[in-house]
Each structure stands twice: as C-alpha cells, then as structure tokens.
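Contents: one structure, followed by commentary.
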Protein chains: 2
Amino acid sequence: MKTVPRITDTEWEIMRVVWANHPITAAEIIERLAAADPTWHPKTARTLLARLVRKKALGYEPQGRVYVYEPRVTERECVAAASDSFLERVFGGALTPMLTHFVERRRLTRRDLDELRALLDQGADSSAPKTRRPTWKH
Amino acid sequence: MKTVPRITDTEWEIMRVVWANHPITAAEIIERLAAADPTWHPKTARTLLARLVRKKALGYEPQGRVYVYEPRVTERECVAAASDSFLERVFGGALTPMLTHFVERRRLTRRDLDELRALLDQGADSSAPKTRRPTWKH
DNA sequence: GCCTCTGGACTACGGATGTAATCATAGCGC
DNA sequence: GCGCTATGATTACATCCGTAGTCCAGAGGC
C-alpha cells in the first residue's frame with residue numbers, strides 16, 4: 001500500500017489546482033490561486049510548490065525556461081489518506097459515528113439525501129470489517 | 001460563536017481520555033494512555049497536558065499535591081470544529097462528496113447501513129433546507 | 001551589448017508539534 | 001531527620017508550516 005505524503009492545509013489548495021489543471025506552469029497555478037483568493041502571495045505559492053516537489057506530491061518537467069507541474073499522487077489517494085487520518089484522530093476510527101455526526105448537521109438537501117440513500121442501498125451487500133466502537137456514547 | 005482551540009493529533013488522544021473520565025489526575029491519564037499504547041512516555045503526556053491547559057482546552061484544580069483535570073471544551077465542539085476544518089481542507093467544503101467518499105469505502109455493516117438509513121429518513125422530514133442552500137456547490 | 005525582468009534556488013524566521021530531559025520541591029518510608 | 005521519589009515547572013530541540021525575502025542567471029527589450 002503506497003503511502004502518500006502528508007499534505008498540509010495550504011498545500012491542499014495548490015494540489016487542487018494542479019489536479020484540476022495539469023499539466024500547468026507555476027505562473028498559471030499562482031494566477032488561479034490569486035483569482036480564488038487575492039491574499040495569495042506568489043512567493044508563498046512558489047515555496048509551497050518546491051515543498052510539494054520535495055515531498056514527491058508533485059513532479060515537474062522543464063519546458064523551456066519554466067517548469068510544468070504534474071501531480072505524482074492522485075487526488076483519490078490523498079483524499080483517502082486524509083480521511084483515514086481524520087477518522088482516526090477525531091472519531092477514534094469509528095466510521096458510523098462520524099457519518100452520523102455529519103448527517104445530523106442537516107445541511108443536506110432532499111436531493112443529497114436521495115443520493116446517499118441510493119449509495120447505501122448499493123453498499124448493502126459488501127463485506128464489512130467492523131469499526132472500533134468509540135468509548136464515548138453519541 | 002465560541003472558537004475552540006486547535007487540538008493536534010496527539011492531543012486528541014489525551015482529550016478523549018479526559019472527556020471519558022473526568023475529573024481525572026495526570027497519573028491516571030498517563031496510565032490509561034499507556035494501557036492503550038505502551039509507547040506513550042509519561043513526560044510527553046505531561047507536556048501535552050500543560051499545553052492543553054495553556055490552550056484552555058483543559059482546566060485543573062489542585063487537589064492536595066496533584067492536579068485534577070477537567071475539559072474546558074466539550075467533545076461536541078471539538079468534533080464539530082475538526083470536522084468543519086477537514087471538510088473544508090479536503091473536500092473544499094462540499095459535504096455530499098465527502099459522505100459519498102466514506103460510504104463508498106464499504107466498511108459499513110448492515111446494521112450501520114440501517115442506522116444511517118434511519119437517520120437519513122429523519123433528516124428528510126425535518127425541513128430539508130432548500131432555502132438555506134449553502135454557497136458551495138455539490 | 002547592456003539593462004531589466006522573471007523564474008527558480010536558497011535563506012529567513014517565528015510559532016506549532018512531537019518527543020523528552022532536567023530542575024525543584026514536597027511528602028513518605030524508615 | 002533524611003534521602004528517595006513522584007509531581008509539576010521549566011527547558012530543549014529537531015521538524016514542520018505559513019509566510020515571505022534575497023540571490024542569481026538567462027531571455028528579451030532597446
């Protein structure tokens with residue numbers, strides 16, 4: 001099982017841009033970041049790009065005198081890793097309480113609910129390792 | 001809206017022990033941590049306790065010559081804050097994709113599924129907020 | 001050809017984090 | 001009474017993170 005590098009808060013913003021637009025130059029990444037949030041400083045973005053390369057979350061290819069970036073980890077992998085880590089940290093690994101928590105926040109539209117119901121129906125037949133029950137009651 | 005202090009990975013382990021067992025002394029916290037994971041070093045735990053007090057996540061009361069700790073933030077608050085932050089970071093704030101992701105991992109028992117279905121049904125009755133549409137896209 | 005500008009490389013720096021060791025002090029066993 | 005021990009206080013320290021600034025070399029304008 002491949003281990004993905006740990007992506008930090010701000011790094012996620014960069015990764016999302018790259019995943020959605022690769023191959024992409026630093027200049028364009030910076031432009032898109034700034035479009036979404038004008039407080040992004042170009043230097044900061046470049047530093048983070050370098051760090052992501054060092055972490056092997058991104059790769060690049062010199063193209064003339066600039067670099068063109070590519071993800072070296074998929075969004076799926078990273079989402080899965082971050083999700084596992086979150087689940088473990090906050091819910092002690094217990095999946096159902098976590099889902100319960102989110103569903104209870106009731107910010108779901110009727111359509112969301114239908115969608116999820118359909119998903120649950122599909123999921124009904126799969127083998128399921130039991131999740132660790134949390135010590136606290138929900 | 002009260003802002004809860006940011007609880008880090010290892011701090012969560014301590015907080016879970018305190019939430020489940022307060023009021024509780026440092027010695028007992030350390031004992032419980034070590035029981036769950038023998039690699040916990042007492043000194044490390046004490047450092048983290050001090051930090052959690054500084055962050056006002058915990059409070060204490062001298063009881064003879066030892067401290068008795070109490071949470072100063074509820075588990076609910078912290079779970080909600082951590083969940084929001086996770087949702088924002090990894091899913092850009094989009095709730096349904098997040099739920100979809102977890103349900104798709106198919107680690108749910110049939111009973112979990114039933115439970116969730118029941119929850120969804122409840123949610124459907126109680127005002128599906130089509131007026132309070134969130135700003136983020138699904 | 002020279003100067004400027006841009007893009008990547010390297011440097012900076014305070015605060016957070018994980019992991020612990022050292023210090024000082026107050027009881028407790030003897 | 002006195003030293004050992006447990007407990008909280010203080011200190012340590014390498015990394016990581018967010019946020020930039022400085023340095024240097026090549027490309028282009030003129």
Side-chain angles (χ1 to χ4, degrees), chain A residues 3-18 23-34 36-70 81-82 85-86 88-90, chain B residues 3-18 23-34 36-70 78 81-82 85 88-90:
Chain A
T3 48
V4 297
R6 180 173 148 59
I7 311 290
T8 71
D9 268 35
T10 43
E11 287 168 355
W12 269 94
E13 298 186 45
I14 295 198
M15 290 305 290
R16 253 196 297 276
V17 170
V18 178
I24 182 172
T25 64
E28 196 184 345
I29 293 170
I30 290 169
E31 189 187 325
R32 284 173 185 274
L33 288 172
D37 172 3
T39 69
W40 264 102
H41 193 296
K43 291 296 189 185
T44 302
R46 280 178 193 281
T47 299
L48 290 174
L49 278 174
R51 283 185 188 166
L52 285 167
V53 168
R54 182 149 39 84
K55 285 185 184 180
K56 301 196 199 307
L58 293 180
Y60 63 86
E61 184 96 23
Q63 203 83 165
R65 70 187 238 74
V66 301
Y67 288 175
V68 173
Y69 292 87
E70 283 284 351
S85 150
F86 163 73
E88 190 58 44
R89 182 162 39 97
V90 176
Chain B
T3 48
V4 296
R6 179 173 150 59
I7 311 290
T8 72
D9 268 34
T10 43
E11 286 168 356
W12 269 93
E13 298 186 45
I14 295 197
M15 290 305 290
R16 254 197 297 275
V17 170
V18 178
I24 182 172
T25 65
E28 197 185 343
I29 292 170
I30 289 169
E31 188 187 326
R32 285 174 184 274
L33 287 173
D37 172 2
T39 69
W40 263 103
H41 193 294
K43 292 296 187 185
T44 303
R46 279 177 194 283
T47 300
L48 290 174
L49 278 173
R51 283 185 188 166
L52 284 166
V53 168
R54 183 148 40 84
K55 286 185 184 180
K56 301 194 201 307
L58 293 180
Y60 63 87
E61 184 97 19
Q63 203 83 163
R65 70 186 238 74
V66 300
Y67 288 174
V68 173
Y69 292 88
E70 283 284 350
C78 290
S85 150
E88 190 58 45
R89 182 161 38 95
V90 176

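Everything quoted here is computed from the prediction, not taken from an experiment. Below, all heavy atoms of this structure are taken into account, side chains as well, without hydrogens, waters or symmetry copies. Lettering follows sequence order; numbering is per chain, from 1.
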Closest approach to the side chain of [X], judged atom by atom: which nucleotide of [options] is it?
{"X": "A:R51", "options": "C:dA12, C:dT17, C:dG7", "answer": "C:dA12"}
{"X": "A:Y60", "options": "C:dA9, C:dT19, D:dC17", "answer": "C:dA9"}
{"X": "A:T10", "options": "C:dG7, D:dT7, D:dT19", "answer": "D:dT19"}
{"X": "A:Y67", "options": "D:dG18, C:dA20, C:dA9", "answer": "C:dA9"}

Sugar-phosphate, base or nothing in reach of A:R6, heavy atoms under 4.0 Å: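 Sugar-phosphate, backbone atoms only, no base.
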Touch class at under 4.0 angstrom, heavy-atom based, for B:A26 against every strand present: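 Here B:A26 touches the backbone only, sparing every base.
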Set of residues satisfying salt bridge (Lys or Arg N to Asp or Glu O under 4.0 Å) with respect to A:R89, sequence neighbours excluded: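 In terms of salt bridge (Lys or Arg N to Asp or Glu O under 4.0 Å), with neighbours along the sequence ignored, A:R89 is linked to B:D9.
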Distance-only donor-acceptor test, A:T44 side-chain atoms vs D:dA20 base atoms, 3.5 Å: no
Test item: B:S85 side-chain N/O and B:A81 main-chain N/O as donor-acceptor pair under 3.5 Å: no
5'-most by nearest nucleotide on DNA chain D - A:T8 or B:Y69: B:Y69
Which atom pairs, donor and acceptor, lie under 3.5 Å between side-chain atoms of residues 51-59 of chain A and protein residues at least two apart or in another chain?
from: A:K55; atom 1: NZ; to: A:R6; atom 2: O; distance (Å): 2.9
from: A:K55; atom 1: NZ; to: A:E11; atom 2: OE1; distance (Å): 2.7
from: A:K55; atom 1: NZ; to: A:E11; atom 2: OE2; distance (Å): 3.0

B/S/- contact track for nucleotides 22-30 of chain C, protein heavy atom under 4.0 Å: B--------
